[in-house]
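Since the structure comes first, as C-alpha cells, the remarks are kept for the end.
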2 protein chains.
Amino acid sequence: MSKRVSLKDIANKVGVSTALVSYVLNGLEKEKRVGPEVVKRIREVAGDLNYKPNQIARSLRKGSTNTIGLIVADIANPFFGQLARIVEDEAGKHNYTVIIGSSDENCVKSASLIETFLDRQVDGFIIVPSEGCNQEIESLVNKEIPVVLVDRFLPELSTSYIVLDNFGATYEAVTHLVAKGYKNIALIAYKSSLVHMQERIRGYSEAMKDNHLEQAIQIKELSYNRVKEEIEEGVSKLFDGNNKPDAMIFSTNALSISGLYALKNHKIRVPDDMAIIGFDGNEAFDFFYSPLTFIEQPIEEMGKESVRVLLDQIKGSKENVQIELNHRLILRESTGG
Amino acid sequence: MSKRVSLKDIANKVGVSTALVSYVLNGLEKEKRVGPEVVKRIREVAGDLNYKPNQIARSLRKGSTNTIGLIVADIANPFFGQLARIVEDEAGKHNYTVIIGSSDENCVKSASLIETFLDRQVDGFIIVPSEGCNQEIESLVNKEIPVVLVDRFLPELSTSYIVLDNFGATYEAVTHLVAKGYKNIALIAYKSSLVHMQERIRGYSEAMKDNHLEQAIQIKELSYNRVKEEIEEGVSKLFDGNNKPDAMIFSTNALSISGLYALKNHKIRVPDDMAIIGFDGNEAFDFFYSPLTFIEQPIEEMGKESVRVLLDQIKGSKENVQIELNHRLILRESTGG
DNA sequence: AATATATGCTTAATCGTTTAACCATTTTGG
DNA sequence: CCAAAATGGTTAAACGATTAAGCATATATT
C-alpha cells in the first residue's frame, strides 16, 4: 500500500514548512501573506504528487469530522432508503459524508448506534426516533450535539424536527372517503405512543366526529413486531364484527402492504366490498388490482430540509426549527377514483 | 458541548501517565506489567467518567479506521437497500462502521465517492461496479486497498467478488418456460457490457439454442437512463413484430417493474397472451394480477459473504476470493404456476 | 556481595493537520 | 534618517490515542 502523500512531502519538495503548505492549500495565501512564487510552486507540487488531505488528521485537529450520522428504522425499507438517498446527496453537496444505521425501532440498538457514531465524532445527527427512546436522544441534546428528528418527533424534548402534517393527512383521508359515500371507516395503526402515530389517529378520529360518525370509529392498533399475525386476525375480526367497515385507512407504508396481503388472502373486493387508502407511494399500490388511493409524503423535501436544518445547527444556530410538511392525497380506484 | 473525557483526564485523576491508562483499557495490563491496584483504580475512574475512546485519534495513530465504504448503484433501490442492511449488520458484528454512497451507475460519481472514502481512510471497499468504471476500481487494486466487488464483477481486474450464477439463472428461466410450452421467449436486458448482464444474456441464448429455439431469440437491450421511454417502445415493437413473443424474461428488478407498467398499459393478459419471469423478489410482483414467477437472489448470503471476504482481506489475506451464489426460481402464476 | 532479573511506571515520539505566535527582512512615511 | 508598517516566512503546540524505549527500585540468583 504505497503511502499517501502528506503535507510534509510537499513541504520537503518545495523546501518550505508544512504551515505554508497548509495555508496555501486552504486558500489562506492572501491572509497569511505567502509569496506568489511559493504559492505557485506549492500548488504545482501538490498537483504533481496528487495530494489529498487526510481527513482523519484534519478531523482530529479541527474537532469536526464533516460527517453526519443518520439513524433510520430500517434502511432496507424503501421509505427510509429514499430518505437516506436524499440525505446523502444533500449532505454531499455541502461536503459532508453520511453514516447510516438501522435501529429496528429498538432503543438498545438506537443507543448503540448513537454511541458508535459519537465515538466517531459525527458533527450531528438526523434521527428517526423510536418509541420510548427519549433518554438516548435527550443525552445528545444535553451534550448540545446537533440533532434533527425526522418523520417523527418527541414532544417532551425540545429539538428541531421535520415531520408530516399527520393530523391533516388522515383527516383528509376520512373526508375524502365520506365524500365518496363511505361511512364505516376503520383505521389500521401501530400500537405506539409516538406523536406521529397519535396524530394520525387523532386526525382520523376528529374527522369522523366532524362528520358525525363517532359511533363508527374503529381503530385497530397492531404491534410493530407482530404485524403479520395481527393483521390477519384484525381483518377477520373487522369482517365478523357487527359494524363491518366499508373502508380502511392504513397509517403507514408497511401496514398498507401487510393489509393488502390480508385483503388478497381474504378475497375482499376493492372498492366494492371495501375502499382502501394507503400511506406513502409504493409500486405495489400500482399493481394491486384496484390501484390504491394513498397519502403521499414529500420525502425529498423532508430529506433536504433535515439536512439544511442540521447544517445550520452545526454552524452554530441555537434555535430549534420545527417544520410540518404537507401531504398530498393521490386519488385512484381503491376509493372509487 | 461538555468536552469528552480523554485518556489524559483519567491519567490525571489516577495520578499516572496516559500510557498506563491506555495499556489497561486495552487489556494489556499483564503484558505491560501494570500493578493490580493501579489497574483497579484506572478501571474505576474510567467507568466513573464514562470514558469512550476517540476513534478519530485512534484511527490516526493506528492507520486504520474500522470503517468500510459501500458503493451501490442507488441506496433507494430496495435491492441495494437490503444489501446495505445486511452489510451494515454484518460489519457491525465485527465492530466496523459502514459509509454508503450511491453511484447512479456513473463513473464520475463512483470516482468521487471512492475519493471521498479514501480521504476518510476507509479500510476497504465493497463496490457494485458500474459499466466502464474499471479505472476507478483498478486504482484501488493498484494501491493494494482491499476491495470486494458484489453483484457484478470486472473480468479484466483480478479482485475478489461475490455474484449470482447469472448464466444459470436465465438458463433455468428459459428451461422452465420451454417446459411450460412457451417457445417465443424474449429477453429484456440493459445495454451493458458488464459481465453480469452479458452472462444473463448468454444464459438465455444458450438455453434457447439448447432447446433448438435459436431462430426465436429476441433480445431487447435498453439504456439505463431511458428505460421508461424505451420499454414502452420495446413492448410495442415486440407485439407488432412478425414473431410476437409468448413469454418475456426481465433481467433485473427495475426492468421487471418497468415492464409490468408497460404490460399493464398495453392491457396484455398474463400468462394467456404472455408469460413473464421477473428478477429479484418485489412486493409488486405479488400484487400484479398474475403473481410473477421470478429469479430470487440470495441477498443475505451475498451481503454476508462480501463482508467476510473483505474483512479477511483487511486482515491481510492476499488471495482473491471469487464466489458465485445460486439463484432460486420461484414458480407462480405468471408462467402458469 | 555482586550481578541478573522482575516489577512498575514514565517519557517521548508518532500519526497528519491546523494555527497562534514569533522572527527577520524590506519598504514606506514624515 | 529612523520608526513604523508591510512582507514572507518558521516554529512549535495541539488534537487524543498508541507504543517503543528507558529508568528506577525491588527481588532473585550464584
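Each chain gets a letter, A, B and so on, in the order the sequences are listed, and its residues count up from 1.
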Have B:Ser59 and B:Gln121 got a donor and an acceptor in their side chains that come within less than 3.5 Å? no

Return yes if a side-chain donor-acceptor contact under 3.5 Å exists between A:Thr97 and B:Arg120, otherwise no. yes

If you only use heavy atoms from C-beta on, which nucleotide in [options] is closest to the side chain of [X]?
X: A:Ala57; options: C:dG16, D:dT19, D:dA12; answer: C:dG16
X: A:Lys32; options: C:dA20, D:dA17, D:dG16; answer: C:dA20
X: A:Leu20; options: C:dT17, D:dT10, D:dT18; answer: D:dT10

Would one find a side-chain N or O of [X] under 4.0 angstrom from OP1 or OP2 of [N]?
X: A:Asn54; N: C:dC15; result: no
X: A:Ser22; N: C:dT18; result: yes
X: A:Ser6; N: C:dG16; result: no

Taking the basic N atoms (NZ, or NE/NH1/NH2) and the acidic carboxylate oxygens, is any pair closer than 4.0 Å for [X] and [Y]?
X: A:Asp89; Y: A:Arg85; answer: yes
X: A:Glu301; Y: A:Lys304; answer: no
X: A:Lys318; Y: A:Glu144; answer: yes

Check the distance between [N]'s [atom2] and [X]'s [atom1] and give it to me in whole angstrom.
X: B:Leu60; N: D:dT18; atom1: CG; atom2: C1'; result: 11 Å
X: A:Glu29; N: C:dT19; atom1: CD; atom2: P; result: 15 Å
X: B:Tyr51; N: D:dG16; atom1: OH; atom2: C1'; result: 7 Å
X: A:Arg120; N: D:dG16; atom1: CZ; atom2: P; result: 18 Å
X: A:Arg58; N: C:dT19; atom1: CZ; atom2: C1'; result: 13 Å
X: A:Glu31; N: D:dA6; atom1: CD; atom2: P; result: 16 Å
X: A:Asn26; N: C:dT19; atom1: CG; atom2: P; result: 7 Å
X: B:Lys8; N: D:dA13; atom1: NZ; atom2: C1'; result: 11 Å

Member of B:Gln313, B:Glu305, B:Gln322 meeting the side-chain hydrogen bond (donor to acceptor under 3.5 Å, both in side chains) criterion with B:Ser160: B:Gln313

Where along residues 34-43 of chain A does a heavy atom fall under 4.0 Å from DNA chain D? A:Val34, A:Gly35, A:Val38

I'd like to know if [X] reaches the base of [N] with its side chain, counting only an N/O donor and acceptor under 3.5 Å.
X: A:Arg33; N: D:dG8; answer: yes
X: A:Tyr23; N: C:dA20; answer: yes
X: B:Arg61; N: D:dT18; answer: yes

Option from B:Val14, B:Asn12, B:Asp9, B:Val5 for which side-chain contact (heavy atoms from CB on, under 4.5 Å) with B:Val45 holds: B:Val14

